[in-house]
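Below you'll find the structure, written out as structure tokens, and then a few comments.
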Amino acid sequence: MQDYLQGLNERQKEAVLHIDGPLMIIAGAGSGKTKVLTTRIAHLMACGVDAFNILALTFTNKAAREMKERIELILGNGEARNLYIGTFHSVFARILRGEAHRLGYPSNFTIYDTDDAKNVVKTVINEMNLDDKHYKPNTVYNRISSAKNALVTAEEYANDYSIQQEDMRSNRPAIAKIFDAYTRRCFKNGAMDFDDLLIKMYELLKNFPDALSKYQRKFKYILIDEYQDTNPAQYEIIKLLGAMHENVCVVGDDAQSIYSFRGATIENILQFQKDYDDVKVVKLEQNYRSTQNILNVANEVISHNKGQIEKTLFTENTEGERIRLVRTMSDNEEGKFVADTIQEQKLRNHFNNKDFAILYRTNAQSRAFEEALRRMGIAYTIYGGISFYQRKEIKDYIAYLRILVNPNDEESLKRIINYPARGIGKTSIDRILLAANENNISFWQVLERAREFGFKAGTLEAIENFVLMIKSFASMLGHKNAYEVAMHVGKQTNFVRELFNDKSTEGVARYENIQELLNSIKEWVDNGSGTVMPIVMDEDGFIIEDEEEDTPVEEGLFTRDKPADDNAVESAEDKNIADDTDRSLGSYLQQITLLTDADEKSADADTVKLMTIHAAKGLEFGCVFAAGLEENLFPNAMSINTREELEEERRLFYVVVTRAKQKLWITYANSRYRFGSLIQNDPSRFISEIPEEYLDKSYAGGGFRNSSGFSPQRSAFERMNGGGFGNAERQAEKRYGPPPGRSKTATPEYLSPKPQNKVIEHTPSASFVASDTSNLKAGQKVEHQKFGFGEVINVEGSAQNPVALVKFELNGEKKIMLNYAKLRIVS
DNA sequence: ATGGTCCATCTTTTT
DNA sequence: GATGGACCAT
């Protein structure tokens with residue numbers, strides 16, 4: 001009857017069929033965890049549980065979307081759309097939007113991403129007259145964030161003895177004060193950072209009993225994915241939400257806990273069993289993903305960790321091939337090897353691009369692979385890096401939109417108050433900030449009341465024009481949809497036109513990004529119910545004015561064709577959760593901040609996937625390259641100081657190994673570029689933890705054909721001599737191109753040589769006298785005081801401001817503005 | 001006020 | 001090797 005149960009093993013069935021009461025599923029890698037979760041939700045619904053009463057929390061939007069799709073596939077009745085499935089952050093953001101007023105926030109609160117948040121920290125540090133060389137915004141922010149993840153308030157932080165001791169020891173006693181100031185500032189800005197989305201949710205449930213009971217009654221069944229990666233804040237929220245019905249189901253694998261840097265703690269798994277009287281525990285130990293060899297390696301490696309929940313992963317899959325261990329001389333060769341191998345495997349075994357993944361410890365490692373793949377003409381997709389919405393031009397545009405919805409958002413205001421330049425420079429901005437702080441009003445309020453603060457006439461006019469402009473934009477919110485408002489803003493502010501007129505490669509790309517943004521807003525508006533919700537304005541916000549004339553569309557401004565291969569903007573609707581019908585600009589803005597790179601890219605495209613191991617959690621690939629297995633890189637130098645850190649690195653290694661279904665390569669390079677300079681690394685200690693019988697080392701030999709056979713440790717000689725260029729190196733060079741020192745200097749033909757930044761100083765001739773250059777012509781030889789001798793290539797620019805392009809013997813081509821620079825005409 | 005150039009710092013992982 | 005900040009020239 002219930003055919004969705006077919007194809008489940010006994011353990012899986014047990015988990016699916018358990019309906020009421022707390023349930024903990026310990027799911028080994030590749031044991032069908034997602035299948036169990038989705039089937040369980042489908043089963044709940046088949047048993048009569050209303051979709052509206054089910055809450056499922058995941059760690060990525062993508063996981064949420066996929067889960068919903070799979071449930072719909074099982075049920076096929078359209079009910080899945082009513083489920084409340086999403087990431088912790090996006091689900092809570094949506095709830096808080098409706099409840100913000102209770103906590104003193106505007107419903108259109110801005111969500112600050114990490115960059116925004118760090119800027120606030122920096123502002124605060126500077127205003128406190130602290131040295132931001134010592135109080136590095138990055139470091140301070142991380143410390144604050146860790147505290148927040150552990151539900152430690154600024155006050156508790158200041159009063160906690162051991163925390164204070166720590167800060168004293170690092171000579172940063174003011175962090176507590178910064179924390180406090182930062183918190184106040186965000187509140188004043190009407191903004192929440194990522195951590196606030198959890199904390200405020202917690203405060204809402206904790207301090208407002210009616211809110212608590214409302215959501216407890218709504219969410220009768222709660223499911224949590226990747227439970228091993230929850231932090232204390234998330235844990236407390238789940239505990240509160242689940243307290244009424246105790247129908248909480250958590251799925252996790254302690255061996256895959258890799259987010260402790262974000263405050264996650266495995267303790268939550270152990271604690272779960274203590275929180276409820278009768279927790280049913282189901283262990284999924286059969287792996288359906290990988291070959292026996294791969295699984296053996298994974299089990300072997302993880303056994304080097306001390307504390308873990310007892311379980312044994314097994315598989316009925318074939319033994320498979322041995323894991324290939326590959327050594328290369330440099331990071332570039334590593335890239336070349338991987339690209340070569342992918343090409344070869346595609347031909348020999350009929351793999352597609354999408355069967356391959358290149359996984360690494362740090363984002364910076366992607367470059368070498370990127371270059372090699374491009375050279376081979378293999379299509380690839382990089383995940384990680386900066387998301388579409390973090391690009392500068394996009395953030396600027398978004399900043400305009402944010403202000404319309406929340407004028408107190410100081411960070412966004414500062415971003416665009418003088419972009420494009422409108423005569424409100426740094427000095428003025430500092431004065432505005434001062435006035436805001438002295439009068440305890442917001443940045444925006446100072447602008448509105450600029451007259452009272454004695455700005456210079458020109459500045460005052462510029463400010464008043466700016467305020468007028470923003471207000472006129474904001475007046476559209478009540479009757480125009482997000483797309484219309486965004487278009488209008490783009491046209492009126494001139495900054496899109498500036499980008500349009502910039503014909504450089506980057507300029508064109510930026511312009512296209514803006515277009516893409518506008519398209520995505522349009523899509524988002526159209527895919528919704530079509531109703532544009534009126535924006536609720538704050539009393540200190542805008543005056544809503546009456547209908548204004550539509551500006552006619554300007555020719556050529558938005559008429560370029562959209563690139564056909566664009567997959568960066570997927571249907572925005574998919575990202576929404578169940579009962580979302582709010583199509584206001586405010587709702588749009590809150591969503592996009594929570595989107596990541598992975599949400600914007602299609603996983604189905606036939607491309608090789610490049611990403612960090614963290615980003616690869618939960619995914620699987622036919623062929624996996626685990627790259628950069630070197631000491632200091634993986635395990636990372638930052639994480640080898642305590643056993644806990646090292647064990648987490650090892651779990652990370654476990655994760656990368658278990659991503660592979662059929663084939664696994666482990667690669668490492670003797671040397672690689674870091675900070676632009678070459679460094680040497682020993683092979684990772686994790687390599688030596690793999691029993692030899694599982695390894696194929698035919699590519700790792702090279703320089704190690706000595707009596708002791710393979711040795712992951714380089715000889716003392718090799719270390720002392722920094723690798724050198726011995727016989728093995730020359731062999732490798734033959735196969736994989738020149739070593740980095742040389743290959744680095746090769747500039748691709750299609751790029752003109754980069755202008756030299758370093759000026760080779762020239763001592764002017766004793767007879768140097770500047771000539772009259774008003775009739776300068778191409779072909780003439782000239783001397784420049786700094787750049788030396790050269791030949792005029794051409795003279796361009798206007799008659800008022802002629803510019804000569806001169807090719808100097810020592811310093812290459814330079815543009816010389818004849819009105820200012822002094823040139824001596826030699827001939 | 002603006003815009004360009006030079007220097008320091010950064011890199012662990014992410015919602 | 002990039003990015004933001006400081007500094008300088010216009």
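Values reported hereafter were calculated over all heavy atoms of this structure, with side chains retained and with hydrogens, waters and symmetry mates removed. Below, chains carry the letters A, B, ... as their sequence lines are ordered, and counting in each starts from 1.
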SB check A:Asp229 A:Arg262 (cutoff 4.0 Å):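 No, A:Asp229 and A:Arg262 are not salt-bridged.
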A:Lys122 side-chain N/O to C:dG4 phosphate OP1/OP2 under 4.0 Å: no
Partners meeting ring-ring contact (aromatic ring centres under 6.0 Å, His included) with A:Phe369 (sequence neighbours left out): none
Partners passing ring-ring contact (aromatic ring centres under 6.0 Å, His included) against A:Phe455 (at least two apart in sequence or in another chain): none
Round to the nearest Å and state the distance from [X] atom [atom1] to [N] atom [atom2].
X        : N     : atom1 : atom2 : value
A:Asp131 : C:dG5 : CG    : P     : 15 Å
A:Asn126 : C:dG4 : CG    : C1'   : 13 Å
A:Asp116 : C:dG4 : CG    : P     : 13 Å
A:Arg422 : B:dT2 : CZ    : C1'   : 15 Å
A:Tyr673 : C:dA2 : OH    : P     : 14 Å
A:Lys426 : C:dC7 : NZ    : C1'   : 12 Å

Do any N or O atoms from the side chain of [X] and from the backbone of [Y] form a donor-acceptor pair under 3.5 angstrom?
X        : Y        : value
A:His614 : A:Ile258 : yes
A:Asp193 : A:Asp196 : yes
A:Ser90  : A:Gly86  : no

Touch class at under 4.0 angstrom, heavy-atom based, for A:Lys617 against every strand present: nothing
Sugar-phosphate only, base, or nothing, as touched by A:Lys392 at under 4.0 Å among non-hydrogen atoms: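 Counting heavy atoms under 4.0 Å across all strands, the contact made by A:Lys392 is with sugar-phosphate only.
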Pair listing, side chain to side chain donor-acceptor pair (under 3.5 Å) test, anchored in residues 124-137 of chain A, at least two apart: A:Glu127-A:Arg185, A:Glu127-A:Asn437
Protein-to-nucleotide contact annotation, 5' to 3' order, nucleotides 9-15 of chain B [B base; S sugar-phosphate only; - none; under 4.0 Å, heavy atom]: -BBBBBB
Pairs where residues 644-653 of chain A contributes a residue and the test salt bridge (charged side-chain N to carboxylate O under 4.0 Å, His left out) is met, not counting sequence neighbours: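 Applying salt bridge (charged side-chain N to carboxylate O under 4.0 Å, His left out) to every pair that reaches into residues 644-653 of chain A, excluding sequence neighbours, yields A:Arg361-A:Glu649, A:Arg643-A:Glu647, A:Glu648-A:Arg651, A:Arg650-A:Glu689.
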DNA chain B: stems of at least 3 consecutive Watson-Crick or G-U pairs whose donor-acceptor distances fall under 3.5 Å: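 Counting only runs of 3 or more consecutive pairs, the stems involving DNA chain B are B:1-10 with C:1-10.
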Close side-chain approach of A:Tyr360 to A:Ile613, heavy-atom, < 4.5 Å: no
